[in-house]
4 protein chains.
Amino acid sequence: MSDNEEVREKIIKAAMRIFSQHGFFKPPVRLIAEEAEVSKGLIFWYFRSKEELILEVAVRSLPTDIMEQCLKEGIGGGELLRCIGKRYLDKYKDPILKNLLLHTLSAEALYPSIRAEITKLCGEGLRKTAIMAFGSDDPTHIMVVRSFFGGLLCYVLRPPQDISPEDYLESLMEISLCCPSSSSSEKGRSSK
Amino acid sequence: MSDNEEVREKIIKAAMRIFSQHGFFKPPVRLIAEEAEVSKGLIFWYFRSKEELILEVAVRSLPTDIMEQCLKEGIGGGELLRCIGKRYLDKYKDPILKNLLLHTLSAEALYPSIRAEITKLCGEGLRKTAIMAFGSDDPTHIMVVRSFFGGLLCYVLRPPQDISPEDYLESLMEISLCCPSSSSSEKGRSSK
Amino acid sequence: MSDNEEVREKIIKAAMRIFSQHGFFKPPVRLIAEEAEVSKGLIFWYFRSKEELILEVAVRSLPTDIMEQCLKEGIGGGELLRCIGKRYLDKYKDPILKNLLLHTLSAEALYPSIRAEITKLCGEGLRKTAIMAFGSDDPTHIMVVRSFFGGLLCYVLRPPQDISPEDYLESLMEISLCCPSSSSSEKGRSSK
Amino acid sequence: MSDNEEVREKIIKAAMRIFSQHGFFKPPVRLIAEEAEVSKGLIFWYFRSKEELILEVAVRSLPTDIMEQCLKEGIGGGELLRCIGKRYLDKYKDPILKNLLLHTLSAEALYPSIRAEITKLCGEGLRKTAIMAFGSDDPTHIMVVRSFFGGLLCYVLRPPQDISPEDYLESLMEISLCCPSSSSSEKGRSSK
DNA sequence: CATGAATGAGCCTTCATTCAT
DNA sequence: AATGAATGAAGGCTCATTCAT
């Protein structure tokens, strides 16, 4: 039913706001119910348990959707990095999602399903990105992508006030792109 | 007195193991007491509340100590980055501390004192590093340091299996050092 | 709604029995829950805290209701004293309420709201009674009422076995009524 | 040892202050230790348990000492009442003792030894007083003494501000003394 | 679908009491 | 005598979850 989904969505949105501010474990379900303006009991009609709601929110908090969309668009090279970077910064400029990302990374140690999700993102996702961006998934290029993502995460963690997201992204891309082209072959050797 | 400190330390160490595995909020104090092999009551003799114990653990989980030590040693340039990188990877190769770092970053949204600590680390700490490493804290160099730290964090988040920490660090440093020398001036202008 | 009030009342009644026997502070909430045959958690659904339950019981334990009813009936003279005395002895012949009265008087030092209630009872209530009983609230008549109430309290504290409540009341009233008529004027002067 | 007794006394005095303010059951032993400026452990050297300390304080809070002293002095009639009344009002004009008296009366339901003490006071004590004051312990005279004590208790409960303890006592005595002489015989009859 | 009363497990914390020093 | 670290038993209260309505 469509009504069904709307309510479910309302609960998830409320949970995201509450979890963002208080983490996954401190806030009682009652708080989420109040924020969603539904009864406490209703939450357990849509979600088997609080944990199920946490997992639903956690999955949405990761950048999985961004990776998938950008990789699906078939673009390559710097454009792929720009695509990912742009949407990444856009998603996490929302402080709610920024906090949720951290809570989710932290909760990885607790929920195997979150761990699996992140592992896929950092394993397969990273490799695919390297291949589509640089045509190679050798350690050096993986490293560049890794550093690129690290820079993005760093921005999310502490957005610097003296630079816009756009400029930040350009600057980050320049760092990522300037070296590997020339050093990728040497790197392979020197890292030995 | 000396017994005093020993017991206190034993509790903190136990708390680090437990918190690392279960996060700060799910594990009851009882679990920490059992891990430390002391009575539950004794924990509240040494710490006013569970929160106080959490904060003690959280502070130890951040890389504040590393930043301070390396900056104090008076080294500069790539050597400073290597110093920080080496100790950073060394500290967080311990899975206990790796998890604690994530829990602490996540708990930032909940505890103002953690927030202050991280803010200092990412503000003042980053700037000082940029100055001592590159002789400048203009946005571009800040960005490079940021990307460098991002890469370190990324390693901690998902240590890649096909590369040793040492090689990872060298590779990351190369990326950080190769560009700014040439682009710093241009970047400084373009980012204006 | 009606079920609501019934449960609430059941809890209060159970609390009165338990508090009467063990005082306000020694018996754990669990005991009240068992006595009321409800779960411990439910008590905190109806009362924010144990203290709130204590205060509810405390207020019911004072003779406020008696004073109000008798004063409202518009009777005066000895009849008013008899009305109060009769209901007073009737209320506190129940050993549960007798004990609760003492616990409440004792708890006055701890709860401002109880203190306020008692102050009203002993200030305004006593004066109104003097006026309606003797047509005057000068010190002497206040004193007589005071002595009358003292006698009632004394009976509650230690009901003598050789005299019925009815006879006790008559005897007490005789003492209260025989003197002031003759001595009120002198007393008024001499107490100046 | 004299040092012994001094410390013991210091603890009791501190306990009286603390118990007076917070009742017997809410304040932890730690509070009494701090008030007495001794260690918590020492209290358990002088008193087997907290309960033992409570009982010690409770006994001192009752007017047993006053009754004994006045009865021992061999005076009779109104002078006896005056002796008791004077010392009674004097003892309980101290708000600490006033509160303790109430706490003790309330704790009667909890401790058999307190109950015994009060029973003796209200039984034997009252009768002896009646005999020595009026030469008779028939119900009427007992009643007068009872009313007298009730008036004293009432004063302690709520000392009226418009009358001094001395005047209060005189007034109370007048009420107690004026009637029984004439009514004692009739009373005996009318009380059935 | 929706509510909210009801449950019971469990949590943080306190506290009387003990005991090594 | 005196201290204060250490213990373990509760205690008040919260909260996820269920269920009758």
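Numbered from 1 within each chain, the chains take letters A, B, ... in sequence-line order.
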Colleague: Starting at atom CD1 of Ile43(C), determine the distance to atom C1' of dG8(E), rounded to an integer number of angstrom.
Modeller: 13 Å
Colleague: Restricting to side chain to side chain donor-acceptor pair (under 3.5 Å), what partner residues turn up for Lys50(A), sequence neighbours left out?
Modeller: none
Colleague: Could you please name the option among dA2(F), dC1(E), dT7(F) that lies closest to any side-chain atom of Trp45(A)?
Modeller: dC1(E)
Colleague: Between Pro28(C) and Ser39(B), who's closer to the 5' end of DNA chain F by nearest nucleotide?
Modeller: Ser39(B)
Colleague: So, using side chain to side chain donor-acceptor pair (under 3.5 Å) as the criterion, who are the partners of Ser39(D) when residues are at least two apart?
Modeller: none
Colleague: Please tell me which of the listed nucleotides, dA2(E), dT7(E), dA6(F), lies nearest to the side chain of Val7(A)?
Modeller: dA2(E)
Colleague: For a quick test of your reading: what N or O donor-acceptor pairs under 3.5 Å do the side chains of residues 10-21 of chain C make, sequence neighbours left out?
Modeller:
unit_1: Arg17(C); atom_1: NE; unit_2: Glu35(C); atom_2: OE2; d: 2.5
unit_1: Arg17(C); atom_1: NH2; unit_2: Glu35(C); atom_2: OE2; d: 3.3
unit_1: Ser20(C); atom_1: OG; unit_2: Ile96(C); atom_2: O; d: 3.2

Colleague: Could you state the atom-to-atom distance from CD1 of Ile32(C) to P of dT7(E) in whole Å?
Modeller: 16 Å
Colleague: Expected output check: what is the dot-bracket annotation of DNA chain E, where ( ) and [ ] are pairs inside the strand (brackets for crossing ones), | is paired with another strand, and pairs are Watson-Crick or G-U under 3.5 Å?
Modeller: .||||||||||||||||||||
Colleague: Report the distance from atom CZ of Arg30(A) to atom P of dT7(E), rounded to the nearest whole Å.
Modeller: 19 Å
Colleague: Which protein N or O atoms sit under 3.5 Å from an N or O of nucleotides 17-20 of chain F?
Modeller:
unit_1: dT17(F); atom_1: OP2; unit_2: Lys50(A); atom_2: N; d: 2.8
unit_1: dT17(F); atom_1: O4; unit_2: Lys40(A); atom_2: NZ; d: 3.1

Colleague: Report the distance from atom CG of Leu53(A) to atom P of dA16(F), rounded to the nearest whole Å.
Modeller: 11 Å
Colleague: Kindly write out the residues that satisfy side-chain contact (heavy atoms from CB on, under 4.5 Å) with Pro28(C), not counting sequence neighbours, or none if the list is empty.
Modeller: Arg30(C), Leu31(C)
Colleague: Considering only distance and modelled atom types, tabulate donor-acceptor pairs under 3.5 Å from the side chains of residues 57-64 of chain D, sequence neighbours left out.
Modeller:
unit_1: Arg60(D); atom_1: NE; unit_2: Glu56(D); atom_2: OE2; d: 3.4
unit_1: Arg60(D); atom_1: NH1; unit_2: Glu9(D); atom_2: OE2; d: 2.6
unit_1: Arg60(D); atom_1: NH2; unit_2: Glu9(D); atom_2: OE1; d: 3.3
unit_1: Arg60(D); atom_1: NH2; unit_2: Glu9(D); atom_2: OE2; d: 3.4
unit_1: Ser61(D); atom_1: OG; unit_2: Val57(D); atom_2: O; d: 2.7
unit_1: Thr64(D); atom_1: OG1; unit_2: Glu117(D); atom_2: OE2; d: 3.3

Colleague: Kindly indicate whether the side chain of Phe44(B), heavy atoms from C-beta on, has any atom under 4.5 Å from the side chain of Val29(B).
Modeller: yes
Colleague: Nearest whole angstrom, please: distance from the P of dC11(E) to the CD1 of Ile18(B).
Modeller: 13 Å
Colleague: Take Leu157(D) and Leu102(D), measure what side-chain contact (heavy atoms from CB on, under 4.5 Å) needs, and give me the verdict at the end.
Modeller: CA-CA 8 Å; Leu157(D) 226 67; Leu102(D) 288 174; 3.5 Å; yes
Colleague: I need the CD-P distance between Glu37(C) and dA6(E), as an integer number of Å.
Modeller: 14 Å
Colleague: Glu52(D): what forms a side-chain contact (heavy atoms from CB on, under 4.5 Å) with it, not counting sequence neighbours?
Modeller: Phe47(D), Arg48(D), Ser49(D)
Colleague: Enumerate the residue pairs fulfilling side-chain hydrogen bond (donor to acceptor under 3.5 Å, both in side chains) with a member in residues 94-116 of chain C, sequence neighbours excluded, ordered by first and then second residue.
Modeller: His103(C)-Ser106(D), Ser106(C)-His103(D), Glu108(C)-Arg158(D)
Colleague: May I have the distance from Ile11(D) (atom CD1) to dT3(F) (atom C1'), rounded to whole angstrom?
Modeller: 13 Å
Colleague: Rounding to a whole Å, what distance do you find between Asn4(C):CG and dG4(E):P?
Modeller: 11 Å
